[in-house]
Amino acid sequence: MATLYFERELVELKDKLAKLLDSSDTTTTKSLITKLKKEIVKKEKSTYQNLDAWQTTLVARHPKRPGTTDFIKTCISDFIELHGDRHYRNDKAITAGLGTLDGHKFMILGHVKGSNTTDNLKHNFGMANPEGYRKSLRLMQLAQKFNLPILTLIDTPGAYPGIGAEDRQQAESIAVCLREMGILKVPIISVVLGEGGSGGALALAVANRLLMLSNAVFGVISPEGCASILWDNPAKAKQASGMLKQTARDLKDLNIIEEIIDEPFSCAHNNPLLTLENVKAAIIRHYLVLSKLSPTQLLAQRQKKFRLIGRYK
Amino acid sequence: MTSWFEKLTPNFLHPESKKVSIPEGVWHKCPNCKETIYGKDLKKSLKVCTTCGFHFLLCATERIEQLTDADSFKELYANLTPEDPIKFVDSKPYPERVKMAKRKTGLTEAVLTGDAKINGRLVSLAVLDFGFMGGSMGSVMGEKITRLIEHSADTNQPLIVVSASGGARMQEGILSLMQMAKTSIALNLLKDQHLAYISLLTYPTMGGVSASFAMLGDVILAEPGSLIGFAGPRVIKQTIKQDLPKQFQRAEEQLEHGGIDRVVKRGDLKDELSKILDYLTANIQ
């Protein structure tokens with residue numbers, strides 16, 4: 001299930017190797033093993049080199065891809081989760097709390113999709129309701145009050161499209177996040193770990209530094225949504241994904257993100273630990289630069305950056 | 001073949017907006033009650049059905065005519081037009097779509113911005129036009145709205161934005177999405193100067209437009225029957241796999257849920273805007 005369509009041959013080779021390694025007949029298998037190992041290296045290269053936009057989208061959504069929870073477990077010490085929007089309920093699609101990264105104290109917020117079905121349901125697949133964005137803003141403002149830098153981790157298909165979400169003003173909850181993040185006087189760093197789905201992702205991305213993992217995606221609409229609007233056919237998502245220009249490379253070319261964080265060659269889902277190490281290093285590097293800026297400089301940098309986005313004649 | 005944004009509109013409400021103005025002397029059928037109305041009468045009623053009160057879609061120029069003092073609108077930033085930043089092609093290339101929309105509406109983009117007078121008071125005014133690619137927000141709309149906000153702050157005048165939009169313009173990809181942040185951040189300028197911003201929501205105000213400047217008004221008004229929300233009804237229906245309540249996302253329902261301040265009939269809008277601005281400016285230097 002967790003094998004992507006273009007990984008199938010590679011996985012078959014790996015399974016074959018595992019079986020050989022298990023077998024007791026060492027004399028005949030030894031040369032076979034060496035041969036197979038070489039083949040696997042070659043196959044890995046052809047599998048993961050030059051992923052197209054759709055393959056990248058699938059990698060970005062991979063259930064084994066490290067997310068907010070993994071990042072907190074692996075890279076953050078003394079994490080203290082804080083809950084709730086103080087009005088309606090605690091939205092589990094966004095985890096938030098105080099945490100220490102390499103000795104630096106942060107307010108950390110991130111979408112959580114969950115890694116198995118039970119978890120997915122608990123976290124609503126990372127699709128936040130208005131109370132999720134209101135919790136986020138509450139805690140970001142709290143961070144400002146106590147002069148803590150903010151780290152947001154983005155991994156969501158989008159804000160939840162549901163009746164309750166609309167009744168409780170999903171649009172307003174996102175809009176207020178966008179406006180207020182624009183005037184927070186502390187450093188804000190955002191990393192798109194997996195999927196950056198539209199407004200629900202942007203609501204946590206009004207940052208001084210917006211970084212993306214190399215196989216993450218961030219766009220205005222999902223390829224499925226786009227295909228369904230254009231051709232009444234979500235199955236044409238593959239075609240749409242190429243048109244929407246949502247990969248990290250695309251966003252770097254469009255000057256929307258500051259940095260692409262490299263994933264290991266075989267993608268984040270095959271090497272979560274190394275991926276998270278890279279994420280951690282990038283965050284620290286940018287934080288050390290931002291921490292030297294005054295609140296006025298931080299505001300000016302962030303506001304100018306967003307003010308200049310757009311192409312027109 | 002219908003275009004992508006036309007598909008967003010339920011059939012029974014399908015806009016009459018393709019015609020920029022109502023030719024007088026022609027009969028019109030109300031999409032809601034199916035009664036026929038004489039063109040002259042429809043214009044006199046501000047394009048509200050004289051039988052059932054259904055509010056027909058207005059194009060931006062009609063809206064400006066109805067809301068502002070005669071000949072007071074002075075357009076700003078009229079020369080901004082879209083580029084093709086991600087070379088988007090569906091059944092037609094994006095520049096072709098823009099050209100068609102220009103021809104159809106006589107506008108250069110999905111929003112008109114400028115100075116206007118409402119009962120003698122100078123305001124900054126933006127009016128979105130649903131007829132221009134579904135009133136979608138791309139770089140140009142984001143830039144025009146942001147400039148208008150800055151203009152309001154510079155000239156110390158209140159801001160009024162009339163929204164009618166399906167959301168962000170996907171043909172400009174991530175750049176469209178980022179206009180939500182750009183416009184929302186700019187609104188902080190008005191807060192610092194105690195300048196009033198009234199947002200008027202009309203049919204429909206959805207997606208990236210509602211999740212940015214449209215829902216950030218100091219006072220939010222809506223026309224009767226307007227569809228207002230983040231996700232479109234079709235997407236919600238597909239996601240939750242159940243039928244939606246009859247009045248779901250309508251202005252009247254949004255009023256009940258506390259999302260907007262008032263539902264105001266078209267004929268009362270101008271005076272109401274004027275009165276609200278009287279209050280919001282009275283005690284501010």
*Residue A:I256 versus chain B: region with a heavy atom under 4.5 Å*: side chain
_B:K102, NZ atom: more than 12 neighbouring heavy atoms under 6.0 Å_ = yes
_Minimal non-hydrogen separation, A:G162 against B:I240, with atom names_ = CA-CG2, 4.3 Å
*Max heavy-atom pair count under 4.5 Å with chain A, selected residue of B:Q249, B:Q179, B:H257, B:E256*: B:H257
*asked:* For A:G199 versus B:F230, what's the shortest heavy-atom pair and its separation?
replied: CA-CZ, 4.5 Å
*Contacting region of A:E166 [heavy-atom separation from chain B under 4.5 Å]*: both
*Interatomic spacing from CD in A:E180 to OG in B:S184 - rounded to 0.5 Å*: 10.0 Å
*Which distance, rounded to the nearest 0.5 Å, do you find between the CD of A:Q246 and the CG of B:L177?*
9.5 Å
*Contact class of A:L251 relative to chain B, heavy atoms under 4.5 angstrom*: side chain
_Residue, of A:I174, A:L244, A:I163, that accumulates the most heavy atom pairs under 4.5 Å with chain B_ = A:I163
*Excluding sequence neighbours, so at least two apart, what forms salt bridge (Lys or Arg N to Asp or Glu O under 4.0 Å) with A:K113?*
A:D155, A:E195
_Restricting to non-hydrogen atoms, name the atom on A:M243 and the atom on B:D90 that form the minimum distance, rounded to 0.1 Å._
CE-CA, 4.4 Å
*Would you mind checking if B:R234 and A:D232 are paired as a salt bridge, meaning a charged N to carboxylate O distance below 4.0 Å?*
yes
*Say you draw a straight line from CD1 of A:I309 to CE of B:M180; how long is it, rounded to the nearest 0.5 Å?*
12.5 Å
*Between A:S198, A:A205, A:A175, which shows the greatest number of heavy-atom pairs under 4.5 Å with chain B?*
A:A175
*Under a 4.5 Å heavy-atom cut-off, does chain A meet the side chain of B:K191, its backbone, both or neither?*
side chain
*Nearest 0.5 Å, what's the CG-OG distance between A:L230 and B:S91?*
7.5 Å
*Answer yes or no: is there a donor N or O on one side and an acceptor on the other, between the side chain of B:K182 and the main chain of A:L308, under 3.5 Å?*
no
*asked:* At a 4.5 Å cut-off on heavy atoms, which part of A:I257 comes close to chain B: side chain, backbone, both, or neither?
replied: neither
*If you tally heavy-atom pairs under 4.5 Å against chain B, which of A:N255, A:I183, A:V206 wins?*
A:I183
_Worked check of side-chain contact (heavy atoms from CB on, under 4.5 Å) between B:I86 and A:D250_ = CA-CA 9 Å; B:I86 63 168; A:D250 294 327; over 6 Å; no
*Could you give the distance from OH (A:Y312) to CG (B:N79), rounded to the nearest 0.5 Å?*
10.0 Å
*Top residue by heavy-atom pair count (under 4.5 Å) with chain A, among B:E150, B:E109, B:E253, B:Q242?*
B:E150
*Between atom OG of A:S228 and atom CD of B:Q238, what is the distance when rounded to the nearest 0.5 Å?*
5.5 Å
*Check: B:Q254 side chain, A:Q169 main-chain N or O, donor-acceptor pair, under 3.5 Å*: no
_Sub-4.5 Å side-chain heavy-atom contact between B:M178 and A:K305_ = no
*Could you tell me which portion of B:V209 (side chain, backbone, both or neither) has an atom closer than 4.5 angstrom to a non-hydrogen atom of chain A?*
neither
_Distance-minimising heavy-atom pair for A:A171 and B:M215_ = CB-CG, 4.0 Å
*Relative to chain A, which of B:I228, B:T81, B:V89 shows the most heavy atom pairs under 4.5 Å?*
B:T81
*asked:* Using modelled atom types and a 3.5 Å cut-off, is there a donor and acceptor pairing between side-chain atoms of B:S139 and backbone atoms of A:R311?
replied: yes
*For B:N188 and A:R179, indicate whether the former's side chain and the latter's backbone hold a donor-acceptor pair under 3.5 Å.*
yes
_Atom CZ of residue position A:R89 - does it have more than 12 heavy atoms of other residues, nucleotides or ligands inside 6.0 Å?_
yes
*Quick one: which of B:L80, B:V140, B:T183, B:D84 has the most heavy-atom pairs under 4.5 Å with chain A, could you say?*
B:L80
*Indicate the atoms forming the closest heavy-atom contact of A:L178 with B:I185, along with that distance.*
O-CG1, 3.7 Å
_For A:V176, which atoms come within 4.5 Å of any heavy atom of chain B: side chain, backbone, both, or neither?_
both
*Interface residues of residues 216-226 of chain A facing chain B - heavy atom cut-off under 4.5 Å*: A:F218, A:G219, A:V220, A:I221, A:C226
_Carboxylate-amine/guanidinium proximity below 4.0 Å for B:E172 and A:K245_ = no
*Against chain A, label B:P85 side chain, backbone, both or neither, depending on which of its atoms sit under 4.5 Å from a heavy atom there.*
both
*Can you tell me if NZ on B:K237 sees more than 12 non-hydrogen neighbours from other groups inside 6.0 Å?*
no
